[in-house]
Amino acid sequence: MSKHEIDIFKTGEFDLVKKYLDLVGAIVVVLDLKGNVNYINNYGANLLGYSVEQIIGKSWFDNFIPSRIRKELKDIFSKIIATNGGIKKYHYYENPILTKNGEEIVIAWNNILFESEDGRIIGTLSTGMNITEKKLIYAAKKSYEDKLSFLNYFATTLNSAKSIKEIYEHVIEGLTKTLGYEYAVILAVERNMLRIKTYRGLKPYIWEMPLNSQKGLTIKAVKTCRTIISNDTWNDKDYIEGVQGVRSELCVPIIVNDKVHGVIDVQSKKVNAFSEEDARLLEILAAHTATAISNLERQKSLEKQYQQLATLMKFSIEIIGTADVRARLQKVVEAINSLGWRRVVLSLRDENLEIRSQDDMITAGLSEEEKRFLWENRSPGTVWKERLSPAYEQYKIGQFYYLPYEDPFVRSTFAKSVLESRLSEEETWDWHPQDLLYAPLTLPDGRIVGILSIDDPVDGRRPTRYALAPLELFLTYAALAIENAQLIKQLNEAQNILKEYAADLENKVKERTKELLEAQEKLLRSQRLATIGEVAASVGHDLRNPLQVILYESFVLENIVEKIADKVDDKTLVTLKSHVQKIKEQINYMNRIVLDLQDYGRQIIIKTSKVDLNNLIMNILSTNKVPENIKVIVNIPSEFTIDADAESIKRVFTNIIINAFQAMPEGGTLTIYAEKEENKTKIYFKDTGIGIPKENLEKLFQPLFTTKAKGTGLGLAVCKRIVEAHNGTIEVESELGKGTKFIINLPVKS
Ligand code: ADP
Ligand code: MG
């Protein structure tokens with residue numbers, strides 16, 4: 001029905017319309033200008049509880065409108081009439097009508113003017129719908145929405161609570177004061193019990209129940225995690241009477257982070273007191289409560305973490321101030337101890353994860369007996385390697401390994417070696433006294449230098465990533481402390497070496513300077529020797545020819561002296577002869593010098609062969625005259641051979657033998673002997689001569705060193721060069737006044 005169709009009714013149209021209105025269940029009333037009922041349809045009359053006839057002609061307002069609004073409606077009616085057609089639009093009102101039995105029925109009215117065929121206003125036509133039902137629904141909906149908006153407001157209040165107790169109080173106030181529940185209880189799960197934390201209304205006489213109890217609606221709510229409604233408790237097999245006379249109970253679990261924290265419980269002495277709507281409402285309340293509790297717990301754990309960090313800082317400062325690594329680690333274990341772990345063990349480990357001594361086990365909260373037990377039952381490094389291996393990855397929480405005893409593998413593996421817990425089951429929440437928790441102390445390069453194990457948590461709870469985070473900082477600290485200690489040890493060692501070195505430096509400088517000077521001298525000498533060699537060679541060569549000439553001339557002179565022997569007097573002859581003799585001697589002397597010089601200047605070319613030593617020595621002794629006062633003993637086994645260049649080695653032996661003769665001007669013995677050692681032949685020349693003073697021993701083999709008036713100082717220098725050319729060595733032992741021993745070592749050729 002459009003608005004236009006019923007805008008203004010003509011009486012002629014009315015009959016058509018009223019039939020239709022009857023059908024749709026609408027009340028139709030026509031009032032005359034005085035407000036008396038001119039027409040009412042059957043539906044309307046029924047609604048009011050009268051017959052149509054009983055109503056027609058009666059005053060509408062005086063009879064069928066509740067008295068409290070009668071005047072107000074009469075005034076409106078007068079106004080509508082007074083417009084006299086000026087108001088063409090319909091007017092909408094909601095107002096109740098009064099039925100025969102005194103009830104009020106709310107009607108939504110459309111009021112319009114009613115005209116006669118000729119256009120006169122003859123009254124009002126009102127059509128109305130019964131909206132009592134709708135009104136009730138609306139009111140109910142409104143109260144529900146009000147409750148919801150209360151809950152939302154309530155959530156803010158809850159979240160400002162400073163403690164869980166405060167949250168409980170807010171909830172119970174809301175339940176009773178705002179939501180109007182008479183009896184309310186809040187319960188919380190504590191370990192294995194469900195306990196009443198607060199209540200309003202009747203005083204309960206059961207205050208706590210074990211969670212494993214078979215009965216109890218609140219217990220059922222905890223076990224099932226569901227809302228439980230019982231609207232007839234006396235016939236409910238699960239019901240246990242906790243409060244006297246209760247007939248209905250509604251229990252809603254408070255679920256915090258997937259675990260039942262507690263129960264919101266409302267009760268009534270009426271049967272059927274609680275609807276689904278109540279259930280939904282309390283569920284929302286429970287959800288808000290859970291959020292508030294979870295937020296509070298998070299806040300509490302943040303505060304705890306903050307405090308732990310503060311402790312950490314405090315300890316860190318102490319740790320830094322402690323030089324000794326064990327004292328440092330002691331601080332670390334004490335810090336962990338103070339963070340809520342009753343027993344803490346930190347063990348220093350070597351590269352095989354072995355613990356070396358009981359001193360390397362640093363503990364907090366352990367008795368001497370427990371320490372001994374741990375030391376005696378320590379697991380070998382290989383076991384620890386396994387426990388820290390990827391095989392245990394599934395037990396990892398951050399850097400820690402948490403091995404719950406309920407795990408069958410853990411139970412079977414660690415049954416024996418574990419220190420007995422001091423916690424009783426009541427003291428634990430979800431931590432089992434046999435649970436294991438440990439972590440490696442790892443250096444940045446991955447080396448493990450220790451192991452930390454902690455036990456008996458004060459709060460009796462399983463560790464979470466969150467709770468272990470501050471401990472991880474300590475792990476790093478401890479590892480670094482150990483590394484620092486190692487570094488400091490190394491540093492100290494290095495410093496000591498440095499100190500020793502510094503102390504020794506002066507000596508070292510002296511030594512070095514000496515070496516340098518010697519090296520320099522050696523260099524100069526070798527340069528000088530090279531020059532001497534060259535000079536010797538050329539001088540030797542240059543003097544050779546003139547010397548040959550002089551020698552020849554001396555022979556000629558001698559001959560001439562022989563020829564004129566009979567022509568001069570004896571005295572003159574003797575004089576002449578002695579002059580010639582002196583010339584010859586000097587020539588010999590010069591010749592020796594020239595030979596020495598040539599020897600020294602000559603390039604040494606070695607061609608080794610087996611040389612019979614006895615033959616060689618005999619040859620030398622026969623060509624060089626042995627002074628009469630000197631005895632030569634040759635003690636060489638027959639067929640004793642040496643590997644040598646025969647010519648060169650002959651010059652060596654000759655020089656040494658002649659030196660020995662020269663060293664024994666008063667006579668003596670020269671003993672020549674030889675022996676074979678592994679790879680070498682040793683030939684000894686031992687005289688009983690004047691000996692060599694110590695300071696000369698070093699200089700002996702230098703060219704030009706001589707103590708003799710007519711010496712050249714080249715003999716031994718040549719010897720040394722020749723022997724060395726044979727890859728042999730030459731040694732001297734001498735005692736002043738007693739004699740000298742020269743030893744020639746020559747390698748044996750295989
Ligand atoms: P020279 O015989 O021309 O002096 P050498 O080089 O043969 O030169 O010997 C050098 C010096 O070594 C000798 O001047 C002498 O002082 C010392 N000397 C060598 N052999 C002996 C020896 N058997 N006993 C003592 N001194 C020796
Ligand atoms: Mg000599």
Side-chain angles (χ1 to χ4, degrees), residues 308-309 311-312 315-316 318-319 322 324-366 370-371 373-375 377-381 383-389 392-393 395-404 410 414 417-419 421-422 431 434-458 461-486:
Q308 288 183 333
L309 280 177
T311 315
L312 182 70
F315 272 103
S316 303
E318 286 182 40
I319 289 165
T322 319
D324 172 32
V325 65
R326 279 187 184 77
R328 238 180 233 210
L329 295 174
Q330 188 62 48
K331 293 275 176 211
V332 169
V333 296
E334 277 163 17
I336 292 170
N337 187 240
S338 78
L339 289 183
W341 299 90
R342 291 207 182 108
R343 290 190 294 186
V344 185
V345 179
L346 192 156
S347 54
L348 292 175
R349 303 277 164 164
D350 66 11
E351 60 278 6
N352 295 317
L353 294 186
E354 297 285 356
I355 175 167
R356 288 200 180 138
S357 82
Q358 204 174 339
D359 285 348
D360 287 341
M361 221 175 64
I362 294 126
T363 65
L366 266 76
E370 286 172 324
K371 281 187 211 170
F373 177 89
L374 271 192
W375 170 246
N377 291 280
R378 63 191 183 278
S379 302
V383 170
W384 276 108
K385 269 191 184 150
E386 169 81 16
R387 288 181 193 176
L388 296 169
S389 76
Y392 280 65
E393 194 69 27
Y395 299 116
K396 262 190 131 177
I397 304 178
Q399 293 176 41
F400 278 87
Y401 292 79
Y402 172 58
L403 277 52
V410 174
F414 296 95
S417 59
V418 173
L419 194 61
S421 175
R422 289 203 221 131
W431 168 276
Q434 302 271 67
D435 285 356
L436 289 176
L437 184 61
Y438 58 82
L441 308 184
T442 316
L443 292 181
D445 64 6
R447 266 185 300 138
I448 295 175
V449 289
I451 291 163
L452 173 74
S453 18
I454 54 181
D455 203 353
D456 293 359
V458 170
R461 285 176 191 272
R462 285 187 173 195
T464 60
R465 180 85 183 77
Y466 206 55
L468 293 176
L471 298 191
E472 288 192 357
L473 284 173
F474 273 122
L475 291 181
T476 317
Y477 253 106
L480 287 177
I482 295 168
E483 191 192 29
N484 280 351
Q486 288 172 350

Taken to the nearest 0.5 Å, the spacing of Ser453 OG from Met361 CE works out to 9.5 Å

Smallest heavy-atom separation, Ala364 atom then Asn337 atom, equals CB-CB, 3.9 Å

Applying side-chain contact (heavy atoms from CB on, under 4.5 Å) to Arg326 and not counting sequence neighbours gives Asp324, Leu348, Asp359, Asp360, Ile362

In terms of heavy-atom contacts, Trp375 and Arg356 come closest through CH2-O, 3.9 Å

Q.
Can you confirm whether Val458 sits close enough to Arg342 that some side-chain heavy atom of one is under 4.5 Å from a side-chain heavy atom of the other?
A. yes

Sorted by chain and number, sequence neighbours left out, side-chain contact (heavy atoms from CB on, under 4.5 Å) with Val383 holds for Ser379, Pro380, Arg387

Practice prompt. Please examine the side chains of Arg343 and Glu370, heavy atoms only from C-beta on, and report whether any two atoms are closer than 4.5 Å.
Written response: yes

* Kindly determine whether Ile451 and Leu388 satisfy side chain to side chain contact (heavy atoms under 4.5 Å, CB included), including the steps that lead there. => CA-CA 10 Å; Ile451 291 163; Leu388 296 169; 4.2 Å; yes

Separation between CG (Asp350) and CD1 (Ile355), nearest 0.5 Å, reads 9.5 Å

Those residues at least two apart in sequence (or on a different chain) that pass salt bridge (charged side-chain N to carboxylate O under 4.0 Å, His left out) with Glu472 are Arg465

Side-chain (Gln330) to main-chain (Thr363) donor-acceptor, under 3.5 angstrom: yes

Side chains of Val410 and Tyr392 in contact at under 4.5 Å (non-hydrogen atoms): no

Exactly one candidate in Tyr401, Trp341, Phe400 meets ring-ring contact (aromatic ring centres under 6.0 Å, His included) with Tyr438; the answer is Tyr401

Inset, instruction - For residues Ile336 and Leu346, determine if any side-chain heavy atom of one lies less than 4.5 Å from a side-chain heavy atom of the other. - result: no

task: Check whether any side-chain heavy atom of Leu468 lies under 4.5 Å from a side-chain heavy atom of Gln399, and answer yes or no.
output: no

In short, Pro404 meets Tyr395 closest at the heavy-atom pair CD-CD2, 4.0 Å

